[in-house]
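So you know, we letter chains A, B, ... as the sequences are listed, proteins then strands, and number each from 1.
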Amino acid sequence: MPELPEVETIRRDLSKFILNQTIEDIAVHDKRVIRRSSVPLFIKRSKGQKIIDVQRRGKAIVMVLDRQGFLVVQPMMTGQLIYQKNGTLEAPKAAKVIFTLSNGGRLIYNDQRLFGRVYFTADLREIDYFRTIGPEPLEKGFNVPWLQKAIIKKRGPIKPLLMDQHFVAGIGNIYASEILFRSRIHPQRSAYTLRKEELQALHKATRMILKEAISSRGTSMRNYLDGQGEKGQFKNRILVYARENEICVDCKGVIKRFVQAGRSTFYCEGCQK
DNA sequence: ATTCTGTCCTGTAGGC
DNA sequence: TGCCTACAGGACAGAA
């Protein structure tokens, strides 16, 4: 589900509500979302600790605990992390883990498809995802010279590469299509053939789209809800994703869909070369 | 080494 | 109404 803009929105929301709260209780309603340890060990390591920071890396939320370690949430396709101020309300049906906090509120992890993961780790470097993930696209390490160097040996198509978390962090299926549309680059272009001007356009479009999507609090196509349980508004500004057979806003051409690396790709056949 | 396919799951939308 | 198929914001292991 959530890509960088959605996870960043959740991170900012949670920072307002759960910072400096102690985890007083943890109820696990489905043990399948707890990875890397048994449920009792997960509870033993996390319970009683205070959340002193809420960070994001790629599409993962990292809650820093005061005494030791980190509580990591990767929502994957359908995970939601929602803060409820009133802990007496009934939990939703999809609730898999419920954290009761010292301020009386609750942090609820919902996950319809159960692809997501919630776990404790003493050290983020123990986790392959964090050890091997690429640069953050909104930070300085993501720039045109880096892109020029990074694509040299990449003969595969640019769209799956943009979604490869080892290449660059946080971009998923929606934003990959939107970024390439704004860059005027065809999703099947072999990455290493992109010229400098095209990489400049790609770099600029990546940063602009992600920033605009964060400003709109993310994209709610189906499941996504922010840290307060509200929808994001970027769906209104999506130009190609899930718009097969619609007319391009720029060239009046037709938006096409095809399957690439097992995922739907959308692009305008008129503008993207 | 790089790239692609199948898999883990549940729910919903659309065609007939 | 129901039954069937396709598809869904991700990340891996294993295969090509």
Side-chain angles (χ1 to χ4, degrees), chain A residues 1-11 29-36 56-61 72-81 92-96 109-119 127-134 137 150-180 187-193 209-210 212-214 216-227 230-238 240-245 257-266:
Chain A
M1 162 181 73
E3 306 180 32
L4 187 154
E6 290 76 33
V7 180
E8 178 61 19
T9 301
I10 293 169
R11 186 196 71 76
H29 290 200
D30 195 315
K31 64 182 181 183
R32 287 175 290 181
V33 302
I34 306 298
R35 312 292 172 111
R36 305 186 62 79
R56 178 191 61 74
R57 181 75 171 100
K59 302 172 191 171
I61 291 277
V72 179
V73 176
Q74 288 182 260
M76 301 288 260
M77 294 290 257
T78 53
Q80 302 169 334
L81 204 48
K93 197 176 178 180
K96 306 304 178 195
Y109 180 71
N110 301 315
D111 197 341
Q112 181 185 103
R113 294 176 75 182
L114 287 164
F115 290 169
R117 40 192 79 175
V118 177
Y119 54 86
I127 312 297
D128 285 350
Y129 181 81
F130 295 110
R131 213 179 39 244
T132 63
I133 196 170
I151 61 160
I152 287 173
K153 289 177 184 170
K154 304 295 186 184
R155 305 212 149 227
I158 182 66
K159 195 260 191 171
L161 183 64
L162 278 183
M163 292 175 64
D164 181 349
Q165 302 303 293
H166 305 299
F167 180 71
V168 61
I171 299 170
N173 209 30
I174 293 179
Y175 297 108
S177 281
E178 294 300 310
I179 287 166
L180 289 172
Q188 273 187 314
R189 283 283 300 283
S190 182
Y192 80 111
T193 67
I209 299 243
L210 295 177
E212 288 170 18
I214 291 170
S216 299
R217 305 186 56 77
T219 304
S220 293
M221 293 301 303
R222 305 171 165 236
N223 292 280
Y224 168 70
L225 298 175
D226 65 23
E230 304 287 332
K231 290 184 175 182
Q233 300 306 311
F234 197 73
K235 187 182 177 186
N236 304 321
R237 299 172 67 177
I238 291 276
V240 290
Y241 183 83
R243 291 189 175 278
E244 185 181 16
N245 295 327
R257 169 188 180 273
F258 70 105
V259 176
Q260 201 176 17
R263 312 293 300 278
S264 285
T265 296
F266 300 88

- Report yes if at least one side-chain N or O of Q165(A) is closer than 4.0 Å to OP1 or OP2 of dA11(C); otherwise report no. yes
- Geometric cation-pi criterion R155(A) and Y192(A), 6.0 Å radius, 45° cone: yes
- May I ask you to evaluate whether R113(A) reaches the phosphate of dC7(C), defined as a side-chain N or O under 4.0 Å from OP1 or OP2? no
- Nearest-Å distance, CZ (F167(A)) to C1' (dA11(C))? 18 Å
- Query: Which listed nucleotide (dG9(C), dT10(B), dT2(B)) is nearest to the side chain of K154(A)?
  - Reply: dT2(B)
- OP1 or OP2 of dA11(C) under 4.0 Å from side-chain N/O of Y129(A): yes
- Item | Gap between atoms CZ and P, on R263(A) and dA6(C) respectively (whole Å) | 18 Å
- Message: Quick check, does F115(A) stack with dG10(C)? I mean ring centres under 5.5 Å and planes off by under 30°.
- Response: yes
- Take the protein atom CE of M163(A) and the nucleotide atom P of dA8(C), then report the distance between them rounded to whole Å. 11 Å
- Message: Rounded to whole Å, please give me the gap between CE in M221(A) and C1' in dA13(B).
- Response: 13 Å
- Query: Do we see a donor-acceptor contact under 3.5 Å between the side chains of K235(A) and T219(A)?
  - Reply: no
- Separation of atom CZ in F266(A) from atom C1' in dC7(C), rounded to whole Å: 10 Å
- Task: Using the P atom as the reference point in each nucleotide, state the distance between dG11(B) and dA11(C) in Å, no decimals.
- Result: 22 Å
- Would you please confirm or rule out a distance under 4.0 Å between OP1 or OP2 of dA11(C) and any side-chain N or O of K59(A)? yes
- Which heavy atom of Q74(A) sits nearest a heavy atom of A60(A), and at what distance? CG-CB, 3.7 Å
- May I ask you to say what R257(A) touches in the nucleic acid, namely base, sugar-phosphate or nothing, with a heavy-atom cut-off under 4.0 Å? sugar-phosphate
- Would one find a side-chain N or O of S264(A) under 4.0 angstrom from OP1 or OP2 of dA8(C)? yes
- Item | Sidechain N-carboxylate O distance under 4.0 Å for E212(A), R237(A) | yes
